[in-house]
K.L.:
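Encoded as C-alpha cells, here's the structure I'll be asking about.
Keep in mind that what you see is a predicted model, and the values were worked out from it rather than measured. The sequence lines fix the lettering, A, B, ..., with proteins before strands; numbering per chain opens at 1.
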Amino acid sequence: MTEERFDPSVADGRWQRAWDEAEVFRADSSSEKPKSYVLEMFPYPSGRIHIGHVRNYTMGDVLARFKAMTGHEVLHPMGWDAFGMPAENAAMEKGVHPGGWTRENIANMKAQLQRLGFALDWSREFATCDAEYYGHEQALFLEFYKHGLVYRRESAVNWDPVDMTVLANEQVIDGRGWRSGALVEKRKLSQWFLKITQFADDLLEGLDGLDKWPEKVRLMQENWIGKSTGLQAHFKGVNFDETIEVYTTRPDTIFGASFVAVAADHPIAQAVADTNHEAADFIKLCKAGGTTAAELETAEKLGFDTGLKVAHPFTGEDLPVWIANFVLMEYGTGAIMAVPGHDQRDFEFATKYGLPILRVVAASQADADKPFEGEAEAGEGIVVNSDFLTGLSVEDAKTAIITRAAEDGWGVPKTQYRLRDWGVSRQRYWGTPIPMIHCDACGVVPVPADQLPVTLPDDVDFKTPGNPLDRHPTWKHVDCPKCGAKAQRETDTLDTFADSSWYFLRFASQPGDKPFDPAEVAKWLPVNQYIGGIEHAILHLLYARFWTRALAHCGMIEVKEPFAQLFTQGMVTHETYSREADGRPVYFSPGEVVRDGNGATLKDDGQPVEIGRVIKMSKSKKNVVDPDEIVARYGADAVRWFMLSDSPPERDLPWSEAGIEGCGRFVQRLWRLFGQYDANAQGDDKPLARKMHQTIAAVADDIEALSFNKAVARIYELTNAAEKAAPSASRSEAIRALMLLVAPMMPHLSEEAWSRAGMEGLIAEAAWPEFEEAMLVEDEVTIAVQVKGKLRDTLTVAKGTGKDELEALALASEKVQRNIDGAPVRKVIVVPDRLVNIVV
RNA sequence: GCGGACGUGGCGGAAUGGUAGACGCCGGGGACUUAAAAUCCCCUGAUCCUUGAUCGUGCGGGUUCGAGUCCCGCCGUCCGCACCA
C-alpha cells in the first residue's frame, strides 16, 4: 500500500539492528579496497548529546556512508574524551563519583547516537578514562621523557586561597574564584612541560603541506606559533650594575627608543620592589589584572618609573626603565625597548606618562620631522633621524643594524617564537596520573614500564576542595623504584588535551601490550577527513600535530601529519526568549513558548516574551532543543536531513521548528515517491533521465566537497522532476537512483524503500549509482540577449550554435530592435552557449 | 588591541566575471473534504503610468561590453587569542 506513512519509530530500530547484525560498519584492515578514515572529534561525555554533535556526526556519517558506497574500506570510529573538570564538579556538587558519573553519561550518549543511525564501528569504542587507554598514554609520556621531550620547571597557576585549589582560567571571573569569590593569586608550582617548541619550525613548515585544511585554521596556527626574527640587544645599566636584555622585531627603529619597559615579574622589577613599596604595590596591581593576551592588550596601559637608567647601546644616551603592565614575561626576554613613534602600545604609554615620541620612519626624507597624528605609524617607509641608518628602507635598516650590533658586540640576531612549551600538569583527580615518583635521594624517577598503568584510586573524597590525589591517605606513598626508600608519587594529572592528542591512533588498532600497532597505523593514517568545531582550531589540532611528530621523533610511527583534510563546521543556533525580571533576563525554552509570525508568547500565561538574537545554543540561555525529543517526534532521518539542509556546513545553522517539520514532510514525500517504483515500467523520458544523470554526478561532487546543502537542493530538484513525470522506465530508474542518493543522508528511509522495492541486500552496502557522461550535456541552451549589458530577451538554440548565427538571431529579435531603437551597433559580444551583448 | 571571517528577498541560502534570488522555509490564493488534518495546484524582491519598464546583492569609488563575484576606501556583525572541552 503506497498510501501508508513511513513510520520511523518502527523502521529506525529495525535497520539499526540489521546493520548491527550484519556488522556492516566494521572496518576490515585486511581489505584490498582503498581505505578511507573518516573521523569526527570525539565528544566529552557531558551526559546528553547536544544538537551540535548531531550536526557534526551527521556530516561525517554522510561522508563515511558515501565512501563505502563508492568502493572504500571505511574506518569510522567513535569514543569518549572522558577525563576533565565537569566530572569533578559533579562530584563536588552531587556527591557522585567522577568515574560512575562519566560511565553513566557514556551509556546515555551512546544510546542517543545509536538512535540516529550513525555508521560507526562500535567495536573500536573506548573512553580515555579506561585504565588501559591512559596506561598506554603514560607509556608514551615516559617514552617522550626518555627522548628528552619532557621537563619540569616552575610555572604560575591561578590559586584560590579560600578553596585552596588551582583554578582554570575559565574558573576565574573578574579576578575572583568562581565558587569562593576570593581574589585569585598567582602562585608558582613546579610543573611538567612537553617540549613543543622543539618542533616549532617543523609545525610551522608542515602547515604548507596541509592544503586541505581551512586557510583560516592554518593562519591561526601560524600566528599562534608566531615566528619572528629580530634583535636581542643588551642595554647596560647606568645607575645599577646589570644589563637588561631586550628583544625587538623592529631593530630598524632603535634610534627612536625613548625608554625601556620590563614585565612586572621581570627580575629587575622584582629587585626594585624589594626596596621600594610603591613598586611592589604596582607589581601587585599588575598581577591582579587578567593575564590573557586579549585582557592585557585592551587594559589601560599602566607603568611605574623605577628610577633606573640604561644606556642606549648605540648613542649611549640615558633611557629610563619602566615597569609596564603590557609587557609579558613569557614572550621574548620580558623586556622591550619602547619606540612610541612606531608602536601603538608604546605610543599610548608614552602619551600617558609624557615620555618622548621620536620619529625614525617617514614616508620620505622631507617628512623627517612631521608630527604624529594621535597614533603610532607602524607601516613601511624610509628610516630618518637614525645616524648611519638614515635613508635606508625599513628592511635594509633591519639587516644593517643587526650586522652592526653583532660587530660591536651589543646584540645578536634572534629568532623568536610566541609558542611556549606545553604545560601539562593539572592539580586534579580526574585525569591521567603522571607516571613519576619523587624520591628524596634519587630525585625524579619514572615509573618502570612493568608497573604501568598507574591507576587512579577509587576511594577519593570531594568534600573538600583541592587535589584528592594529594590528600589520599595511601595512594601517593610508594617505594622508590631505584633505591627502595620511601618516596611519593607525582599527584598531578595530565592535561586532557594529551588524551585527545593520540586517540585517532588507538582507533586504528588496539593491542593490549602497546599503545598501537605501527603497521595498522601505517595502513589507516592519516585521517582522510577530520571534522569538528572551529573552537579546536589551535590547541587540540596543534597538540595532536605535535604529539604525532613526537612519536615519529621517538621512532614509533612514520606519519607526521595526523589529519590530511580538516573541516570545521558551524554551530547550531536558535533565537532566545526572555523577560526582564529584577533587571536581569529570565530565559524560556522553545518548548515553553508559542511562536507566531511576528511575536512569541509564553504558554503558561499567554503574555508576550521578548525574542532575542539568534545565538549558539546554550543551557544558560535555554535556547536548546533535545535531540532525543526531535528524533522521537520526526525520526532520525528528518533530523539528519535538517542538519544537512540550507546552511553551508561551515556556517551557523539556525534551528527552526518550521524547518524540521518541512524535513519531516519531505521524508513522507520521498516515501510516497519511492512507493511508485515499478520495475516493469516501460518507455523513455529523456529529460528526466538527463536530470537524473546530472544529479548523480553533482551530488557526488557536492558530498566530496562537503557541500551538503547543495546536494540537498539538487535532490529536491530531481524529486520534483520525478514526481511530475509520467510513469516510464526512466522514471523508475530515477526513483531507484534517488533511493541511493539519499541513502547516506536518510539511511533508514532508504533501507525501508530499498527492501520494499524488492532490491537485493542492504542499501548501506549497495554501490553508488553510475552516470553517463554523455547524458550530462544538454542539447538545447538558453542564451541571454543583452543590449548595453541589460537583459532584453532570451533565445533557445541548439547547443554549440555558431557565433555568427547567434548574433544574427539576437539582432532579429523584436525586443532587441525596440531597445536598440535605430542606434548604430558599435560592437557585439558573443559568448557561445551563454549570451549575446549588443553595444550601441 | 591583534588576527580572521562574514554582509544577497520576510528567513536559511544559490549563482566558472555572463539571465541575481536555484532549492528550502514562511506567507497569500485555490482544489479536495460535511469539516479539519494530510495532500495537490498557482502566486510570492521592491516600485510604477503594470501587454511593459525602472530600481535592486551593507555604503562610496574604480576596472570591464558586462561586477554579488575583481581592485581601492569605509561601515556593521560575528569568532579566536595558551588551565573549558
K.L.:
Would you mind telling me which of rG4(B), rA53(B), rC55(B) lies closest to the side-chain atoms of Arg792(A)?
P.N.:
rA53(B)

K.L.:
Please list all pairs meeting salt bridge (charged side-chain N to carboxylate O under 4.0 Å, His left out) that have one or both residues in residues 707-723 of chain A, counting only residues at least two apart or in different chains.
P.N.:
Arg669(A)-Glu723(A), Lys691(A)-Glu717(A), Asp702(A)-Arg714(A)

K.L.:
Looking at residues at least two apart in the chain, or sitting in another chain, which of them share a side-chain contact (heavy atoms from CB on, under 4.5 Å) with Glu657(A)?
P.N.:
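If we apply the side-chain contact (heavy atoms from CB on, under 4.5 Å) test to Glu657(A), skipping adjacent residues, the hits are Arg633(A), Tyr634(A), Trp655(A), Ile660(A), Glu661(A).
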
K.L.:
Which nucleotide, rA82(B), rC55(B), rC25(B), lies nearest any side-chain atom of Lys790(A)?
P.N.:
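Side chain of Lys790(A) sits closest to rC55(B).
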
K.L.:
For a quick check of understanding: with a heavy-atom distance under 4.0 Å over all strands, which category does Trp422(A) fall into, base, sugar-phosphate or nothing?
P.N.:
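If one applies the 4.0 Å heavy-atom cut-off, Trp422(A) turns out to touch nothing in the nucleic acid.
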
K.L.:
Listed by chain and number, what are the salt bridge (charged side-chain N to carboxylate O under 4.0 Å, His left out) partners of Lys352(A), not counting sequence neighbours?
P.N.:
Glu300(A)

K.L.:
Could I get the full list of salt bridge (charged side-chain N to carboxylate O under 4.0 Å, His left out) partners for Asp343(A), not counting sequence neighbours?
P.N.:
Arg345(A)

K.L.:
Can you identify which nucleotide, out of rA22(B), rG3(B), rG80(B), has its nearest atom closest to the Asn223(A) side chain?
P.N.:
rG3(B)

K.L.:
For a quick check, with a 4.0 angstrom heavy-atom cut-off, what is the B/S/- contact string for nucleotides 11-19 of chain B, read 5' to 3'?
P.N.:
-BSSSB-BB

K.L.:
When you look for runs of 3 or more Watson-Crick or G-U pairs in a row, both distances below 3.5 Å, which of them include RNA chain B?
P.N.:
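Only these stems qualify: B:1-7 with B:75-81, B:10-12 with B:23-25, B:27-31 with B:39-43, B:45-48 with B:52-55, B:58-62 with B:70-74.
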
K.L.:
For Phe349(A), what residues pass the ring-ring contact (aromatic ring centres under 6.0 Å, His included) criterion, not counting sequence neighbours?
P.N.:
Phe259(A), Trp322(A), Phe326(A), Tyr353(A)

K.L.:
Quick one: list whatever passes side-chain contact (heavy atoms from CB on, under 4.5 Å) with Ser813(A), sequence neighbours left out.
P.N.:
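For Ser813(A), the residues satisfying side-chain contact (heavy atoms from CB on, under 4.5 Å) (neighbours in sequence not counted) are Asp793(A), Lys815(A), Val816(A).
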
K.L.:
So if I define the base as every atom that isn't primed, P, OP1 or OP2, how would nucleotides 39-44 of chain B read as a B/S/- string at a heavy-atom cutoff under 4.0 Å?
P.N.:
SS----

K.L.:
Residues two or more places apart in sequence or in another chain: which of them pass salt bridge (charged side-chain N to carboxylate O under 4.0 Å, His left out) with Arg792(A)?
P.N.:
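None.
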
K.L.:
Among all residues two or more places apart in sequence or in another chain, which pass the side-chain contact (heavy atoms from CB on, under 4.5 Å) test with Asp81(A)?
P.N.:
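Scan of Asp81(A) (side-chain contact (heavy atoms from CB on, under 4.5 Å), adjacent residues dropped) gives Phe42(A), Thr128(A), Asp499(A), Ser500(A).
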
K.L.:
Hey, can you pull the donor-acceptor pairs under 3.5 Å for the side chains in residues 538-546 of chain A, sequence neighbours left out?
P.N.:
unit_1    : atom_1 : unit_2    : atom_2 : d
His540(A) : NE2    : Tyr530(A) : OH     : 2.7
Arg545(A) : NE     : Glu561(A) : OE1    : 2.9
Arg545(A) : NE     : Glu561(A) : OE2    : 3.4
Arg545(A) : NH1    : Leu203(A) : O      : 3.3
Arg545(A) : NH1    : Gln221(A) : OE1    : 2.8
Arg545(A) : NH2    : Leu203(A) : O      : 2.8
Arg545(A) : NH2    : Glu561(A) : OE2    : 2.8

K.L.:
Once you measure the plane-to-plane angle for Trp671(A) and Phe6(A), does it fall in the parallel (<30°), tilted (30-60°) or perpendicular (>60°) bin?
P.N.:
tilted

K.L.:
Tell me which nucleotide among rA85(B), rG24(B), rA22(B) gets nearest to the side chain of Tyr44(A).
P.N.:
rA85(B)

